[in-house]
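Note that the coordinates shown come from a computational prediction; the quantities given were computed from them, not determined experimentally. All values below were derived from every heavy atom in this structure, side-chain atoms included, with hydrogens, water molecules and symmetry-related copies excluded. Below, chains carry the letters A, B, ... as their sequence lines are ordered, and counting in each starts from 1.
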Amino acid sequence: MSLLELQQTLREKVLETAKNVFNIELGQIASEVPPKTELGDLAFPVSFELAKRIKQETGEKQNPRAIAEQLKATLETHEAVDHVEVAGAGYLNVFYKRSKFLAQAATPKTFKTATENSPKRIVEHTAVNPNKAAHIGHVRNSVLGDTFVRILRANGDRVEVQNYIDNTGVQVADVVVAFIYLEKMNLDDIKRLDAELAEKHVSFDYYCWDLYAKVGQEYEKNAELKAKRAEVLHLIEEGDNDTAKLADYVATRNVECLLKTMERLGIRYDLLPRESEILHLKFWAKAFEKMKELGVIRFEMQGKNAGCWVMPFDTHTGNEEFDADKILVKSNGIVTYTGKDIAYQLWKLGVLGLDFNYRHFCFYDDRKEVWVTTTEETLNRNVPKFGGGDTVYNVIDTRQSYPQDIVKKGVSLVSPERGEAASVHLSYDMVTLSPAAAEELGFVLSEEDKKKPFVEMSGRKGLGVKADDFINLLDEKALAEVEKRHPDSSKDEKHKIAHIIAVGALRYFLLKFTRNTLIVFDFKEALSFEGETGCFCQYSAVRANSIFRKLEEGGLGKAVETISQNQVNLSEVIEDEVWALITLASRLEETIAQSVHAAEPAIVAKYTFNLAKAFNLFYHHHKILSEENELKRSVLIATADITRRTLTSALNVLGIEVPERM
RNA sequence: GCUCGCGUAGCUCAGUGGAUAGAGCGUUUGCCUCCGGAGCAAAAGGUCGCAGGUUCGACUCCUGCCGCGAGUACCA
């Protein structure tokens, strides 16, 4: 029986007793982990609630402690429970049978795995405009999304990962304007440039990063150039012309670069849905039709929105300056981004009534395939079934909460049976720079900016820490540390270890903050390998593993056997501190469930760190291999094994590997 | 104006209505006769923005206020 199941059984026992003894239907009751091991393993603060209910229903006043005493007996009948104590004003504290618990935990367990019938979750994340290199703010999105994907999988769900490519938007148009009018290049020139850059080991997306910043500055002083943007955008949207072909090349190359960057962090995708297909396959027309039919949107005959199709939004109150309704189709007949997004979301949920066509985009090194949408009918019959999620999670920053609310509402009006709950905006706050960090990067700040607590990163200004630059910095720093400790390892080995550490540092740094915390990026903190870091967690696991390298052959098996044969005697040997570690290490499954429920990856990150910390404490207090009492030694070995397995699993859920040594 | 988020130790942040509010960093002081010091231990540090309310019990829920941020485009 898993810990979760045990908790549920005990909860039900309490409910049952409340009904039988006091004739009270409690519905849901809370259980909690007591603040200290000495206080037990599971607590029910249920007697307070019961006392109130009894008074309400019978007028009889009962002491919560007396109520707890009566509940105590039934819980103690459970085979996994050692004893129950009534504490404080009426807490019901349950103590598990330590030996039985340990014997069971000593056998390795795996996560639930998804089957074809498991609910399908679609997670859309990354969605960097394909016109430049990704910066650290984009990485927060991807790491959050990717980690949530891993959390869902560990929870036994079926997951599809999408990275939306806005290949026909203004940001791509800006870079295309720059190529054509500033650099005076055509498609062949760009291809030549691309080859030259490759020789110089300059990434195409880095070149575009600078170009994008350059065109942003040019717009400021050149109105004529800025006018080109609308013209270029129109040509790109229309498709089937030289400008659109050039734009497609630029966007595709940037996507290729992006996928490489993300692969360095262990982040992968199943499908790249592109805006160009949403346009050309007329997804919007279909959604528009449905929305009109169902009366979800209305055509404004008068007022300032005359000639537009709008969706009423009643939770906001408008005034002269701001409108409460959201325009989906402009008076010139052009659909807004939010409109297109509703169509895309309907497709993700499988209720649009249209589908994309798909073609191969690329393979990862292990031959896992990435697909991209296309307009042409595909001959390939082995295309996976994309879309049609039971739940769709959109990882998008919090500034887009309003349009996301509109999308959610629009979709639920078109498909009430799916409702608003099927669309989840997994929102998060920005990664910004401290003014000092921005100046460190060589940016000249205005006096106004200098006074601010943080400066927003801006691709348009070229202000930001590029993802690859930062990963390189972490790689270098980690390599220097590895050199110090393992000068004799091979060069490949050292690089490999350094990179695992670098990825751990970056991912953990971005995951330890809860989603709605604004991160002010600090180089020193983000580059740290000490304290609450990924490295700390990896280090604990590596040390745990090194115990088992030194343990005699078959030592672990022998320890487990000793434990299962001596269950009765174990209780004396399992002291509180060791027991605290065993129970903590048994809570990964529960933590993952919580994390899914709250859509909050930071919960798993915090858990992992706490487990690593608890292991270090254990490690310093016990000499495991030299322990002379065989029974105690077995307990220590089993505890270390449970911990390292859980720690490794938890880190993997965070997308962090455990190196052989470090 | 309205909507949403935030305000907790010097700094950066955790904290499903429950027991004495916790970490990391920083500061001070200890710990390698070793299964790895990228570590461990101890000390100092708090009016949980303010004021009411609900509750047996509030950092947590409700109301009002103060401060900060974001959104509120016929941009994407």
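Residues A:T58 and A:F22 fail the side-chain proximity criterion, which asks for heavy atoms closer than 4.5 Å.
Across the protein-nucleic acid pair, A:D325 atom CG and B:rC74 atom P stand 11 Å apart, rounded to whole Å. Whole-Å rounding puts the A:K326 NZ to B:rC74 C1' distance at 9 Å.
Residue A:F536 is in sugar-phosphate contact alone, with no base atom involved, counting any heavy-atom pair closer than 4.0 Å across all strands shown. As judged by a 4.0 angstrom heavy-atom cut-off over every strand, A:A43 is placed among the base-contacting residues. Across all strands shown, A:T398 has no heavy atoms under 4.0 Å from either base or sugar-phosphate atoms. At the heavy-atom level, A:E530 lies under 4.0 Å from the strands shown only through sugar-phosphate atoms. Among the atoms of the strands shown, base atoms are found under 4.0 Å from some heavy atom of A:S31.
Side-chain nitrogen and oxygen atoms of A:N516 include at least one within less than 4.0 Å of the OP1 or OP2 phosphate oxygen of B:rC6. Of the side-chain N and O atoms in A:S47, none sit less than 4.0 angstrom from OP1 or OP2 of B:rC56. Contact annotation: A:K330 does not reach the phosphate of B:rA73 (side-chain N/O to OP1 or OP2, under 4.0 Å). The phosphate of B:rG39 has neither OP1 nor OP2 within less than 4.0 Å of any side-chain N or O from A:N616. Note on A:K524: every side-chain N or O is 4.0 Å or more away from OP1 and OP2 of B:rC11.
Base orientation of B:rC32: syn, the glycosidic angle falling within 90° of 0.
Using modelled atom types, one finds a donor on one side chain and an acceptor on the other under 3.5 Å when comparing A:S276 with A:N167. Under 3.5 Å, the side chains of A:Q400 and A:N394 contain no donor-acceptor pair of N or O atoms.
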Atom pairs, N/O to N/O, protein against nucleotides 32-37 of chain B, distance under 3.5 Å?
residue	atom	partner	partner atom	Å
B:rC35	O3'	A:K550	NZ	3.4
B:rC35	O2	A:I624	N	3.4
B:rC35	O2	A:L625	N	3.1
B:rC35	N3	A:H622	O	3.3
B:rC35	N3	A:I624	N	3.1
B:rC35	N4	A:Y619	O	2.2
B:rC35	N4	A:H622	O	2.2
B:rG36	OP1	A:S546	OG	3.3
B:rG36	OP1	A:Y619	OH	3.4
B:rG36	OP2	A:K550	NZ	2.9
B:rG36	O2'	A:Y539	OH	2.5
B:rG36	O2'	A:R543	NH1	3.4
B:rG36	O6	A:M662	N	3.1
B:rG36	N1	A:M662	O	2.4
B:rG36	N2	A:M662	O	2.8
B:rG37	OP2	A:R543	NH1	2.8

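A donor N or O paired with an acceptor N or O is not found under 3.5 Å between the base of B:rA14 and the side-chain atoms of A:N610.
Electrostatic pairing of A:E630 and A:R633 does not count as a salt bridge here, judged by no charged N lying under 4.0 Å from a carboxylate O.
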